[in-house]
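Values reported hereafter were calculated over all heavy atoms of this structure, with side chains retained and with hydrogens, waters and symmetry mates removed. The model shown is predicted, which means the values in this text are computed figures rather than measured ones.
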Amino acid sequence: MAFLCRSAAVLLKPNRAAPAVLSAARLYSSGGQYEYILVEKRGEKNNVGFIQLNRPKALNALCDGLMREVGQALDAFEVDSDVGAIVITGSDRAFAAGADIKEMQNRTFQECYGGNFLAHWNRVSTVKKPVIAAVNGFALGGGCELAMMCDIIYAGEKAQFGQPEILLGTIPGAGGTQRLTRAVGKSLAMELVLTGDKINAQDAKQSGLVSKIYPVDQLVSEAVKCGEKIAANSKLVTAMAKEAVNAAFELTLAEGNRLEKRLFHATFATDDRKEGMTAFVEKRKASFQDK
């Protein structure tokens, strides 16, 4: 937070989105301008949504306007049938160095509690399509929390992660104490949260926070490549797979296995499962239709 810095078929149902989602879709499709982020589609087939945080002078500090724009862009990509995965990145110097402290400095408890402060940040973690964080530079406080809301984290060689809110007299408020502990374990999470210390990309990978490390200048392109691989699969079945993996953090092993089995069985009601297995038997590339 600080500067130191659930079913899958819904994905492809006819669009009856809420007005806010429709508004975001219109903004994106019409090339509308955002103030704090850059939005486009990338990949050879333009099937990877791309969001770049763009507050360079503030090291991409996460102000309320920026996070609301990220939510709008995610809503637009969610209803875009061409997009199969989404990449979120920042600059070479900072993915996001934290929340905007100047913006929250004078907030009161009543304002925070009554207004459910930071609740809309969680939109990143509820998107049905896979989201990849490409982290260069600082990912501190809210920046680290934003990265952890994503499904996959790729890091540049010089990336740094941390939850330094304790140094500002507060604690993480957008999932830092919860997602970090699940990712790296209690001991390291405690150390980072209680001291405000940072870890580098190598330590982050060793601890399980990130999956791959790339040179700074290759990070974004590699993240887009990963997005392209994901987007080449059935979007419907991909949503099922994402739901099953995420359930591992919420359910017991027995409950999780039951959910996985139900989703596995559900794939047999899809044309894409039939196409995938038929293509395998016929030794050809599958042509998924997302149904």
Student check: side-chain heavy atoms of [X] and [Y] closer than 4.5 Å:
X	Y	answer
Arg55	Cys63	yes
Gln160	Ile199	no
Arg68	Tyr36	no
Ile152	Cys226	yes
Val135	Thr89	no
Asn47	Lys41	no
Phe77	Val127	no
Asn136	Ser91	no

[X] and [Y]: which non-hydrogen atoms are nearest, and at how many Å?
X	Y	value
Gly162	Cys144	O-CB, 3.5 Å
Ser207	Val184	OG-CG1, 3.4 Å
Val83	Lys129	O-NZ, 2.8 Å
Lys235	Asp290	N-OD1, 2.9 Å
Phe95	Ala134	CD1-O, 3.6 Å
Thr267	Phe264	OG1-O, 2.6 Å

Honestly curious: do [X] and [Y] fall in one hydrophobic cluster under the side-chain, below-4.5 Å linking rule?
X	Y	value
Trp121	Ile86	yes
Val124	Leu62	yes
Val220	Val216	no
Leu66	Val39	yes
Leu74	Ile153	yes

Salt bridge check: are [X] and [Y] linked by an N-O gap of less than 4.0 Å?
X	Y	result
Arg258	Glu260	no
Lys45	Asp82	no
Glu275	Arg284	yes

Is there a side-chain contact (heavy atoms from CB on, under 4.5 Å) between Val70 and Leu53 once you walk through the steps?
CA-CA 8 Å; Val70 168; Leu53 312 183; 3.9 Å; yes

Rounded to the nearest 0.5 Å, how far does [atom2] of [Y] lie from [atom1] of [X]?
X	Y	atom1	atom2	result
Ile88	Ile132	CD1	CD1	10.0 Å
Glu165	Leu140	CD	CG	9.0 Å
Glu145	Thr177	CD	OG1	8.0 Å
Leu236	Gln289	CG	CD	12.5 Å
Ile166	Ile171	CD1	CD1	8.0 Å
Asp203	Asp197	CG	CG	11.5 Å

Answer yes or no: is there a donor N or O on one side and an acceptor on the other, between the side chain of [X] and the main chain of [Y], under 3.5 Å?
X	Y	value
Gln52	Gly90	yes
Glu35	Gly65	no
Glu228	Glu44	yes

With ring centroids as reference points, do Tyr214 and Tyr154 lie under 6.0 angstrom apart?
yes

After noting the C-alpha distance and the side-chain angles of Leu180 and Leu188, does the key distance pass the side-chain contact (heavy atoms from CB on, under 4.5 Å) rule?
CA-CA 9 Å; Leu180 185 62; Leu188 182 54; over 6 Å; no

Could you go step by step and tell me if Arg123 and Thr126 meet the side chain to side chain donor-acceptor pair (under 3.5 Å) rule?
CA-CA 5 Å; Arg123 179 66 182 108; Thr126 62; 3.0 Å; yes

Taken in chain and number order and not counting sequence neighbours, the residues that satisfy ring-ring contact (aromatic ring centres under 6.0 Å, His included) with Phe280 are none

For side-chain contact (heavy atoms from CB on, under 4.5 Å), just list the numbers for Val87 and Val48, CA-CA rounded to whole Å, side-chain angles, deciding distance to a tenth of an Å, and then say yes or no.
CA-CA 7 Å; Val87 171; Val48 178; 3.8 Å; yes

Taking atom types as modelled, is there a side-chain donor on Ser221 or Gln218 under 3.5 Å from an acceptor on the other?
no

Does Arg182 make a cation-pi contact with Phe249 (under 6.0 Å, within 45 degrees of the axis)?
no

According to salt bridge (Lys or Arg N to Asp or Glu O under 4.0 Å), who are the partners of Asp151, at least two apart in sequence or on a separate chain?
Lys242

By side chain to side chain donor-acceptor pair (under 3.5 Å), which residues pair with Asp272, not counting sequence neighbours?
Ser234

If you apply the rule side-chain contact (heavy atoms from CB on, under 4.5 Å), what do you find for Ser211 with Lys205, and how did you get there?
CA-CA 6 Å; Ser211 55; Lys205 184 176 186 300; over 6 Å; no

